[in-house]
There are 2 protein chains.
Amino acid sequence: MARRSDHSREEIHEMALSAAEKIVREQGYGGLSARKVAGAIGYTVGTLYLVFDNLDDLILQVNSRTLDRLHAQMLQEQSAHAPARERLLQLGHSYIRFANEDPHRWGMIFEHRFPPEQETPAWFRVKVERMFALVEARLEPLAGEHSANEIAQAARALWSGVHGICILAITDRLDIAGVSSVQQLTQFLMDNFLDGFISGCN
Amino acid sequence: MARRSDHSREEIHEMALSAAEKIVREQGYGGLSARKVAGAIGYTVGTLYLVFDNLDDLILQVNSRTLDRLHAQMLQEQSAHAPARERLLQLGHSYIRFANEDPHRWGMIFEHRFPPEQETPAWFRVKVERMFALVEARLEPLAGEHSANEIAQAARALWSGVHGICILAITDRLDIAGVSSVQQLTQFLMDNFLDGFISGCN
DNA sequence: TAAAGTAACTGAACATCGTTCATAATTCAA
DNA sequence: TTGAATTATGAACGATGTTCAGTTACTTTA
């Protein structure tokens with residue numbers, strides 16, 4: 001048996017999350033199991049339940065970290081002095097690149113369902129909002145006469161679109177292959193949408 | 001024991017699919033199990049495996065029928081003599097209404113993953129293509145100078161966008177409630193995209 | 001009518017899953 | 001040194017998908 005001072009609670013917690021991330025990256029959501037995680041960190045199942053409420057809890061925390069990494073990468077890959085429209089496109093490309101580099105971990109954010117009628121945790125909503133905010137911020141300087149409400153709508157519509165392309169492409173529902181095609185399609189969507197939204201040539 | 005002439009293979013096949021659809025509608029993808037389906041039609045698990053290769057096979061066939069119903073509904077709800085742009089919007093609204101009326105059955109199309117590295121069945125691709133074709137057909141009269149390839153791209157970009165809104169809304173990732181809000185957001189996306197795509201005010 | 005043959009169906013068995021909890025092992029305090 | 005507190009274990013439970021030897025029901029043959 002591992003000695004009780006080998007690892008603190010916090011260390012086990014961290015080790016389990018890392019191990020889970022590795023398993024998901026390599027084997028996907030379906031390949032994740034409590035016993036696998038426990039085995040990977042040299043403990044048994046029981047120990048996992050001292051540190052997490054249950055598997056859902058563990059998955060939720062993995063997803064939380066994935067959302068954090070995604071947000072960080074989207075921020076980091078922004079070129080600070082580029083025009084807003086270009087930065088908007090960069091956000092889309094970052095998103096797609098992230099999803100493509102680790103499709104299983106990205107996918108688990110959307111594959112995992114919260115237990116029946118236990119509503120989405122507040123912090124999860126916050127992290128999603130945070131992403132929309134990123135889009136809104138780039139949209140604002142382009143929006144001209146549009147109201148704040150319209151900008152919020154535009155961010156959600158546009159970003160759902162990017163997400164839609166991404167998820168259909170990755171789960172092989174679109175008939176396109178390769179990151180560049182996906183990014184091309186995304187650019188196509190964004191270009192036309194922004195042309196319509198900005199100039200309002202109506 | 002059920003007598004061997006009680007039901008033909010085909011009847012059992014049909015009964016199982018119907019029972020599975022009911023279970024999925026009421027309890028979602030996660031609530032589906034071989035024993036539940038078998039129990040619901042008055043047979044045991046073993047019998048199910050005389051009629052289906054495995055659960056994946058059964059799920060795939062349920063999804064196939066869902067795609068058929070979706071396609072039929074989208075076709076049926078088109079008003080034949082409306083302008084192309086309006087019919088395009090109708091397609092979007094049909095899609096959202098369908099997803100909203102039976103979210104679990106619609107959702108299973110996208111939740112279910114094909115077993116590792118067994119690629120998407122050809123007939124599945126066909127049924128997805130069939131849907132894009134519907135969009136392309138409405139897009140064509142609006143497309144002006146755009147090439148066939150650009151129309152195909154537009155259909156995929158636009159429809160991925162509609163799907164993205166739909167899936168994020170239904171899985172509670174957008175902060176909007178109710179069908180009408182979702183349809184409003186979809187209209188917003190389509191309007192701006194089409195403004196950009198059609199007039200090409202560039 | 002009796003026996004043999006065939007098709008239909010069963011359900012116990014296997015490995016794996018999430019989850020629990022009495023028990024054992026280890027450390028700490030007195 | 002001893003007793004209390006902490007920490008980890010792993011067997012157990014009820015699910016899951018899947019298989020397949022065995023039983024039952026029906027059909028054909030003699």
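None of the values given here were measured: they were computed from a predicted structure. Chain letters run A, B, ... following the sequence lines, proteins first, then strands; residues in each count from 1.
Comparing B/Val45 and A/Ser33 against DNA chain C, the residue whose closest nucleotide sits nearer the 5' end is B/Val45.
D/dT16 atom C1' lies 12 Å from atom CG of B/Leu32, rounded to whole Å. Straight-line distance from the NZ atom of B/Lys36 to the P atom of D/dT16: 7 Å, rounded to whole Å. Distance CG (B/Leu60) to C1' (D/dG17): 17 Å, rounded to an integer number of Å. Taking atom CZ of A/Arg35 as the reference point, atom P of D/dA11 lies 11 Å away to the nearest angstrom. Atom P of nucleotide D/dT7 and atom NE2 of A/His13 are separated by 16 Å, given to the nearest angstrom. Summarising the geometry, the separation between OH on B/Tyr43 and P on D/dT24 is reported as 18 Å, rounded to the nearest angstrom. Taking atom CG on A/Leu48 and atom P on D/dG10, their separation rounds to 15 Å, with Å as the unit. In this structure, A/Glu11 atom CD and D/dT7 atom P are separated by 13 Å, rounded to whole Å.
The two residues A/Asn192 and B/Phe197 have their closest heavy-atom pair at OD1-CA, 3.3 Å. Considering every non-hydrogen atom in both B/Ala34 and B/Leu48, the closest pair reads O-CD2, 3.5 Å.
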Task: Working for side-chain contact (heavy atoms from CB on, under 4.5 Å), residues B/Leu168 and A/Phe110 - done: CA-CA 9 Å; B/Leu168 288 182; A/Phe110 306 99; 4.1 Å; yes
- [ ] Show the numbers, then the answer: is there a side-chain contact (heavy atoms from CB on, under 4.5 Å) between A/Met190 and A/Thr186?
- [x] CA-CA 6 Å; A/Met190 291 181 94; A/Thr186 306; 4.0 Å; yes
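Contact of the B/Tyr43 side chain with the B/Val37 side chain is not registered, since no non-hydrogen atoms from C-beta on lie closer than 4.5 Å. Contact check for B/Gln61 versus B/Phe52: side-chain heavy atoms found under the 4.5 Å cut-off.
For the pair A/Asp68 and A/Arg130, the salt-bridge criterion is met [side-chain N within less than 4.0 Å of a carboxylate O].
Residues from residues 49-58 of chain B with heavy atoms under 4.0 angstrom of DNA chain D, sorted by number: B/Tyr49, B/Asn54, B/Leu55.
For the atom pair CD1 (B/Ile176) and CD1 (B/Ile165), the distance works out to 7.5 Å, reported to the nearest 0.5 Å.
Looking at heavy-atom distances under 4.0 Å, B/Thr47 makes contact with a base.
The C1' atoms of five pairs define one axis at each end of the helix from C/dT1-D/dA30 to C/dA30-D/dT1, and these two axes lie 30° apart (to 10°).
Taking the centre and axis of the six-membered ring of A/Phe132, the NZ or CZ atom of A/Arg156 falls inside the cone set by 45° and 6.0 Å.
Contact annotation: side chain of A/Arg9 to base of D/dT6, donor-acceptor pair absent below 3.5 Å.
Contact annotation: B/Thr44 does not reach the phosphate of C/dC9 (side-chain N/O to OP1 or OP2, under 4.0 Å).
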